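One structure coming up, written as structure tokens, with questions to follow.
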2 protein chains.
Amino acid sequence: MSRDVSTEKRRSECPIAGTLDIVGDKWTLLVLRDLLDGKTRFSEFERSPEQITTNILSDRLRRLEVHGLVVRRQGSGRRFEYHLEPKGEALRDAILALAAWGNAHVADTWVPPANYLQRPD
Amino acid sequence: MSRDVSTEKRRSECPIAGTLDIVGDKWTLLVLRDLLDGKTRFSEFERSPEQITTNILSDRLRRLEVHGLVVRRQGSGRRFEYHLEPKGEALRDAILALAAWGNAHVADTWVPPANYLQRPD
DNA sequence: CTCAACGCTTGCAATTTGCAAGTCTTGAAC
DNA sequence: GTTCAAGACTTGCAAATTGCAAGCGTTGAG
């Protein structure tokens with residue numbers, strides 16, 4: 001679906017641009033949100049309210065894996081499980097900051113429970 | 001170029017999705033970065049290293065204005081100046097978090113000076 | 001053994017992005 | 001007082017990305 005991830009060009013050496021070159025599209029950060037929320041299976045991501053389509057979901061999971069933010073493991077039976085690596089975990093603060101902005105500035109957003117996406121300690 | 005901003009549909013009531021519906025594309029956050037960095041003119045954004053094209057830049061500035069993150073003012077002569085509103089300013093923390101992730105996890109990103117994009121006090 | 005659910009892939013349409021060129025104002029230089 | 005260049009865009013069309021619907025190969029339960 002999208003071209004070889006390893007040939008992708010960076011737009012600049014700016015750290016913000018570099019980050020967006022990896023996660024700056026319409027869907028990737030929402031998949032990461034679900035992973036931070038503890039979801040691990042393809043069908044769980046698919047069931048989120050935004051209704052990502054399967055081709056995009058599968059492409060985004062592959063990219064996240066290639067970039068090392070996610071690992072794909074065998075679950076029970078022949079099902080797969082996707083888990084965050086430290087590199088993906090590390091986006092938690094950025095995602096929480098986006099959530100905070102949404103609650104403050106976008107109308108009719110649901111206010112998540114106090115511990116939503118919070119680092120389990 | 002893009003269709004009427006006021007008819008755009010939200011994907012869900014999630015605050016993260018709501019935020020991304022406004023700023024979650026390839027370019028918007030980079031324009032915001034430049035605004036936080038004090039740039040105000042069309043040609044200044046155009047000169048950033050990522051080389052945004054003029055049609056996209058003009059579209060993104062219009063969207064940011066419609067959503068109230070930016071105001072467009074008459075500068076000297078008949079030039080325009082774009083300035084952040086509080087709603088746009090409020091994305092600073094999220095953008096700094098993305099920059100921090102980039103510096104930590106993306107190879108060859110330039111490390112910005114300590115006060116880069118920092119809230120002037 | 002059958003059948004439904006899971007985890008995808010494929011093909012094609014619609015939308016968005018990218019590129020190049022062109023337009024309309026000033027404001028400065030000659 | 002006329003050129004000319006810079007700034008701020010718009011337009012048209014090609015290329016890339018996204019969205020939709022359907023299809024396919026494994027399980028695992030009944």
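From a predicted model like this one, the values you see are computed outputs, not experimental measurements. Side-chain atoms are counted along with the backbone in the values below, which use heavy atoms only and exclude waters and symmetry mates. Every chain is numbered from 1 and lettered A, B, ... according to where its sequence line falls, protein lines coming before strand lines.
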Using the test side chain to side chain contact (heavy atoms under 4.5 Å, CB included), find all partners of S48(B) that sit at least two apart in sequence or belong to another chain. R33(B), D34(B), K39(B), E50(B)
The correct set of residues in residues 23-46 of chain B placing a heavy atom under 4.0 Å from DNA chain D is R41(B), F42(B), S43(B)
Tell me, please, which residues at least two apart from E65(A) pass salt bridge (charged side-chain N to carboxylate O under 4.0 Å, His left out).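 Result, salt bridge (charged side-chain N to carboxylate O under 4.0 Å, His left out) vs E65(A): none returned.
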Let's see if you can work this out: which of dC9(D), dC19(C), dC8(C) has an atom nearest to the side-chain heavy atoms of F80(A)? dC8(C)
Report the nucleotide, chosen from dT10(D), dG18(C), dC8(C), that has the shortest atom-to-atom distance to any side-chain atom of I56(B). dG18(C)
I'd like to know if T54(B) reaches the base of dT10(D) with its side chain such that a donor and an acceptor end up less than 3.5 angstrom apart. yes
Counting only pairs under 3.5 Å, give me each side-chain donor-acceptor contact of residues 93-108 of chain A, with atom names and distances, residues two or more places apart or in other chains.
residue	atom	partner	partner atom	Å
D93(A)	OD1	R119(A)	NH2	3.0
W101(A)	NE1	K87(B)	O	2.9
N103(A)	ND2	T109(A)	OG1	3.2
N103(A)	ND2	W110(A)	O	3.2

Taking only the side-chain heavy atoms of R60(B) (C-beta and beyond), determine which of dT18(D), dT17(C), dC8(C) contains the nearest atom. dT17(C)
Atom CG of L61(A) and atom P of dC6(C): how far apart are they, to the nearest Å? 16 Å
Consider the side chain of N55(B), meaning its heavy atoms from C-beta on, and name the nucleotide among dG7(D), dG12(D), dC9(D) that approaches it most closely.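 Of the candidates, dG12(D) comes closest.
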Please identify each residue that fulfils salt bridge (charged side-chain N to carboxylate O under 4.0 Å, His left out) with E89(A), with sequence neighbours left out.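 R92(A).
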Just how far, in rounded Å, is P of dA8(D) from CZ of R73(B)?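 Interatomic distance, CZ of R73(B) to P of dA8(D): 15 Å.
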Contacts of H67(A) that satisfy ring pair (Phe, Tyr, Trp, His ring centres under 6.0 Å) - sequence neighbours left out: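 Listed in chain order: nothing, the list is empty.
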